[in-house]
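The figures here come from the full heavy-atom set of this structure, side chains too, leaving out hydrogens, waters and symmetry mates. Numbered from 1 within each chain, the chains take letters A, B, ... in sequence-line order.
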Number of protein chains: 2
Amino acid sequence: MSGYDIKQFAAGSIGHFWKESYGQIYPTLRLLQKEGLAIPEEEKNNGERLRRVFRITTKGKTEVENWLKDQPRPEPARSELLLKLFFGYQVSPQESVRHIEAFRQTMQAQLQEYQQIEKQLEKNLSHHPGFPYWIMTLQFGKYRALAYLQWCDVSLDLLSKNNPKDSKLENATKNSNQQQSTKQEG
Amino acid sequence: MSGYDIKQFAAGSIGHFWKESYGQIYPTLRLLQKEGLAIPEEEKNNGERLRRVFRITTKGKTEVENWLKDQPRPEPARSELLLKLFFGYQVSPQESVRHIEAFRQTMQAQLQEYQQIEKQLEKNLSHHPGFPYWIMTLQFGKYRALAYLQWCDVSLDLLSKNNPKDSKLENATKNSNQQQSTKQEG
DNA sequence: ATGAGCATGTAACTGGTTACATGATTTA
DNA sequence: TAAATCATGTAACCAGTTACATGCTCAT
């Protein structure tokens, strides 16, 4: 693939749990070449656009396999949302409510996206050997999104109990599209 | 607080979703001082150890409040676990099973830790205005851990169906402490 | 012709970790 | 007396993003 291809592929497949920028991809491609893990194909320059396509070497493949077997590093825990909620008592509770509601919407959107991708996958690639693995990564996102949605509900509840002044007002005033049930099929 | 204090406090409170290193803390403290957001107290040097204690200014406090109100940035999505699982079909399925089992253990440990912290909090700080906010951040971790545990179960199931050769062998051979039920009270 | 998309890349910067250097005090 | 912990900090490095520069091609 070319650097551009890699970016496109990543965005359309692993995009919901991994992103790469060109500033990372192009220099890395050079590095892989220098280390003999990838080789450039003959540049298809004749008439067409310049495209620097790389191909993985056998050395590169074994390197990938070893990397796949290595224990993955844990995700660095850094949630700005939780950080702001932790100190939320220092400002009005509405501020925390706002954060959680925004987060809730993001999760709801994510969940729907996952469900759509899953349908597409099932329709088009259910016989690919990668299929169960791809489904797993999607399920991961779905389980997480559902859990977060539930958490949003109990947290909003907790905050409104803690700050009963606006709870009636808010319910009457707002277009309550966050009042939807969280219960869904896994 | 001093830089050391901040590190200690962070580890013991927001530690499960935010970490800071000295390499970050000490230079930042200087920066805050230069910007008038924090001022150093008189150094308690007399007889005792050198301690550079800082205090927040009123300007600093309003800055904090504004920051608390600002929408938190979304967490950068980068899961090495999912990345390795996504390409898992390129190596033996046992490799993916290993990753998931390791992850499962981590989540189980995390869940227990959260539950312990929650008990401690309830015992000692249930009347602090911050209490509901701190509970919320803990609940976040609990909901997530439970969801991940469920995901581990269905994923291990999926992989063993997909690769039925070892499923019987494995079940008989291993000390199956991962066979525990995931069902727990939220 | 104008803008979207194809395609390459670099430079500056930001955020953050790790390793190191130093030395006092407390505890086993 | 050895190790843990208190306490300060810096330098080097690593990972990663953002903004920029360039220019072609294709569809409207």
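Heavy-atom nearest nucleotides on DNA chain C were determined for Gly23(A) and for Gln8(A), and the one closer to the 5' end corresponds to Gln8(A). Mapping Tyr22(B) and Arg78(B) onto DNA chain D by nearest heavy atom places Tyr22(B) closer to the 5' end of the strand.
When each of Met136(A), Arg144(A), Lys142(A) is tested with Phe140(A) by the rule side chain to side chain contact (heavy atoms under 4.5 Å, CB included), just one qualifies, namely Arg144(A).
One can place CD1 of Ile25(B) at 12 Å from C1' of dT17(C), the figure rounded to the nearest angstrom. Separating the CD atom of Glu20(B) from the C1' atom of dT17(C) is a distance of 11 Å, rounded to the nearest angstrom. Leu31(B) has its CG atom 11 Å from the P atom of dG15(C), to the nearest Å. Between the NZ atom of Lys7(A) and the P atom of dT18(D) there is a distance of 10 Å, rounded to whole Å. Taking atom CG of Asp5(A) as the reference point, atom P of dG5(C) lies 17 Å away to the nearest angstrom. One atom, CG of Leu29(A), and another, P of dT10(C), lie 11 Å apart when rounded to the nearest Å.
Listed candidates were dG16(D), dA7(D), dA7(C). Nearest to the side chain of Tyr26(A) is dA7(C). Here the nucleotide nearest the side chain of Tyr4(B), chosen from dA7(D), dT8(C), dC6(C), is dA7(D). The side chain of Arg51(B) approaches dA7(D) more closely than any other nucleotide in the set dT10(C), dG16(D), dA7(D). With distances taken from any side-chain atom of Leu50(B) to the nucleotides dT8(C), dT8(D), dA15(D), the minimum falls on dT8(D).
Between Lys84(A) and Asp70(B), none of the side-chain N atoms (NZ, or NE/NH1/NH2) sits under 4.0 Å from a carboxylate O, so this pair counts as no salt bridge.
Checking the phosphate oxygens (OP1, OP2) of dT18(D), no side-chain nitrogen or oxygen of Ser21(A) falls inside 4.0 Å. In terms of phosphate contacts, Arg52(A) brings no side-chain nitrogen or oxygen within less than 4.0 Å of OP1 or OP2 of dT8(C).
In this structure, the ring of Tyr89(B) has its center less than 6.0 angstrom from the ring center of Trp134(A).
Side-chain atoms of Glu20(A) and Trp18(A) include a donor-acceptor pair closer than 3.5 Å.
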